[in-house]
Protein chains: 2
Amino acid sequence: MDYPKSQACKTCDNCNEKSHIFSLLSQEELLVLNKDRFEVMFEPGQVIIKQGAPATHFVSLTMGMAKLYLEGFDRKKLILEIVKPWKLFGGPGVFTDMRYHYSISALTETASCFIPAENVKHLIRTNHAFAEAMIVHGSINGSKNFERLLSLTQKQMPGRLADVILYLANEVYQSNSFSLSITRQEIGELSNMTKESATRILKDLENEQIIKIDGKGIEILKLEALKDISLRG
Amino acid sequence: MDYPKSQACKTCDNCNEKSHIFSLLSQEELLVLNKDRFEVMFEPGQVIIKQGAPATHFVSLTMGMAKLYLEGFDRKKLILEIVKPWKLFGGPGVFTDMRYHYSISALTETASCFIPAENVKHLIRTNHAFAEAMIVHGSINGSKNFERLLSLTQKQMPGRLADVILYLANEVYQSNSFSLSITRQEIGELSNMTKESATRILKDLENEQIIKIDGKGIEILKLEALKDISLRG
DNA sequence: TCAATAAATTGATATTTCACAACTTTTTGA
DNA sequence: TCAAAAAGTTGTGAAATATCAATTTATTGA
């Protein structure tokens, strides 16, 4: 199998430019992180973090794209996020029962940096600003989950799908025209509907000329109309 | 109107026995909290914390019972928790955009202690153990929200209602036989269904002899059967 | 390159859930 | 205490969504 050349970070130094939360650390503290961390490459489909497994490390994507999802009942998944480089994961689990509370698996060729949980906890105990940043980080995730709860429980399928398209455009691909790296099945897992419903409602949006679909490609034609559908539920 | 005698705490001292998170504070630190805090009584129905309003204070219930809920679309509510004394609220908002991200309103006569956000933030910056406890606190809430997301999105009504009954029995009333302080409407808002559906499914559970209903009273007759319904979804 | 596999689409049908209306029971406040 | 309001119940029909099956299209690995 052709593995790509490892793009492993040589040191944590430049991470404080890329991963916001590390910019609060001194050179000395970055050295502590650097000591035990290691980087691993993942093929598409491979599991980076497994829900239920021991949460021994924080994980940060350094290359590629992955999906973060909850494993529910009957193998049903709920995707919470499409993950791109420089966000830190370890989630609630590292601070509670030492088990990961979600899974992350690679969508593309992906590199991840694994940092022992203890090293990060040590920083929390010794660096006030870093501890506060972790609280803020957790709070932002918390409020996003509130929005998700409302979208998923109170909106009907067109509203939920509009939310997902807007999320992909604004937060993932950062463009109103993008080529999906996820399947219809995964769009369904983001918006809590079956892949058949996802297909149908995408087509409805295309028929109303609100979006343009070309296989994996999606282009938002009428942003306001899409936002309107998101609001109306 | 007959107001009950205020049961205001005289000092924060005894709070470190009641509110777990304050047990990490020294006498000196408790004095800081004590200085600016104040207590307010609320009648049933009154709003203690309003979603969207400026998040200037942390709030802790000291007496009574309240509901914590998200205000969604078309006035629809999603109740996240039935709140009892000695838990701390301020939620994600105090650490992000300084707006509350949920509402809390009194179900019974309720007393709440308001603590200026700055005083708590000060403690976070000066007391490592307290900061870590806040991270753990936020992480526990985070993982509860994951469970809620799964229950609400992947289970059908009987499973969701079973989850709510088990939640009420285990976490709120701490007994398998209890008298509800909430309405059928609010049971619906906890389990994301209409009050009519809540009524019907409660009656189904009673017909199957899994629970016994007497107006506001609920008794769990077959705990295992109820857990089974919760699992099967 | 091509068969095998996975993904996407489409239609028909079944299930779940809601909305509305009518009615009964309980609670509340003057 | 009693009338008004709120909460709870029940039935019916409609809407939303899932399931299943069949088919087409795209992707992948030998």
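A, B, ... follow the sequence lines: proteins, then strands. Residue 1 opens every chain. All values reported here derive from a predicted model rather than from experimental measurement.
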Problem set entry | Earlier contact from the 5' end, DNA chain D, for B/Gly215 and A/Lys216 | B/Gly215
For this session: Kindly check if the number of other-residue, nucleotide or ligand heavy atoms within 6.0 Å of CG (B/Asp74) is above 12?
Result: no
Which nucleotide sits closest to the side chain of [X]: [options]?
{"X": "B/Thr194", "options": "D/dT17, C/dT10, C/dA19", "answer": "C/dA19"}
{"X": "A/Met193", "options": "D/dT10, D/dA18, D/dG8", "answer": "D/dA18"}
{"X": "B/Lys203", "options": "C/dT9, D/dT10, D/dA16", "answer": "D/dT10"}
{"X": "A/Thr199", "options": "D/dA16, C/dA8, C/dT17", "answer": "C/dA8"}

Atom [atom1] of [X] and atom [atom2] of [N]: how far apart are they, to the nearest Å?
{"X": "B/Ile201", "N": "D/dT10", "atom1": "CD1", "atom2": "C1'", "answer": "14 Å"}
{"X": "B/Ile187", "N": "D/dT9", "atom1": "CD1", "atom2": "P", "answer": "9 Å"}
{"X": "B/Met157", "N": "D/dT17", "atom1": "CE", "atom2": "P", "answer": "14 Å"}
{"X": "A/Lys195", "N": "D/dT17", "atom1": "NZ", "atom2": "C1'", "answer": "14 Å"}
{"X": "B/Glu189", "N": "C/dC18", "atom1": "CD", "atom2": "P", "answer": "13 Å"}
{"X": "B/Asn192", "N": "D/dA16", "atom1": "CG", "atom2": "P", "answer": "16 Å"}
{"X": "B/Ile182", "N": "D/dG8", "atom1": "CD1", "atom2": "C1'", "answer": "14 Å"}
{"X": "A/Gln185", "N": "C/dT9", "atom1": "CD", "atom2": "P", "answer": "13 Å"}

Exercise. Do B/Gln46 side-chain atoms and B/Glu43 backbone N/O form a donor-acceptor pair below 3.5 Å?
Worked result: yes
For this session: Return yes if some donor-acceptor pair links the side-chain N/O of A/Arg160 with the main-chain N/O of A/Ser191 below 3.5 Å, else return no.
Result: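 Answer holds: yes.
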For this session: Any chance you could lay out the side-chain hydrogen bond (donor to acceptor under 3.5 Å, both in side chains) test for B/Tyr173 and B/Ser179, step after step, and finish with the verdict?
Result: CA-CA 8 Å; B/Tyr173 300 106; B/Ser179 175; over 6 Å; no
Exercise. Which part of the nucleic acid does B/Thr183 contact within heavy-atom distance under 4.0 Å: base, sugar-phosphate only, or nothing?
Worked result: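 Sugar-phosphate: the residue B/Thr183, judged by heavy atoms under 4.0 Å, touches backbone atoms but no base.
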[X] side chain near [N] phosphate (N/O to OP1/OP2, under 4.0 Å):
{"X": "B/Arg184", "N": "C/dT26", "result": "no"}
{"X": "B/Gln156", "N": "C/dT16", "result": "yes"}
{"X": "B/Ser197", "N": "C/dC18", "result": "yes"}

Exercise. Any donor-acceptor pair under 3.5 Å between the side chain of B/Arg200 and the base of D/dG8?
Worked result: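 Per atom types, no contact qualifies.
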Exercise. Would you say the side chain of B/Glu196 and the base of C/dC18 hold a donor-acceptor pair, judged only by whether the two atoms sit under 3.5 Å apart?
Worked result: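 When only heavy-atom distances are counted, B/Glu196 does not reach the base of C/dC18 through any donor-acceptor pair under 3.5 Å.
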Exercise. Just by distance, with hydrogens left out, do B/Glu39 and B/Ser112 show a side-chain donor and acceptor under 3.5 Å apart?
Worked result: no
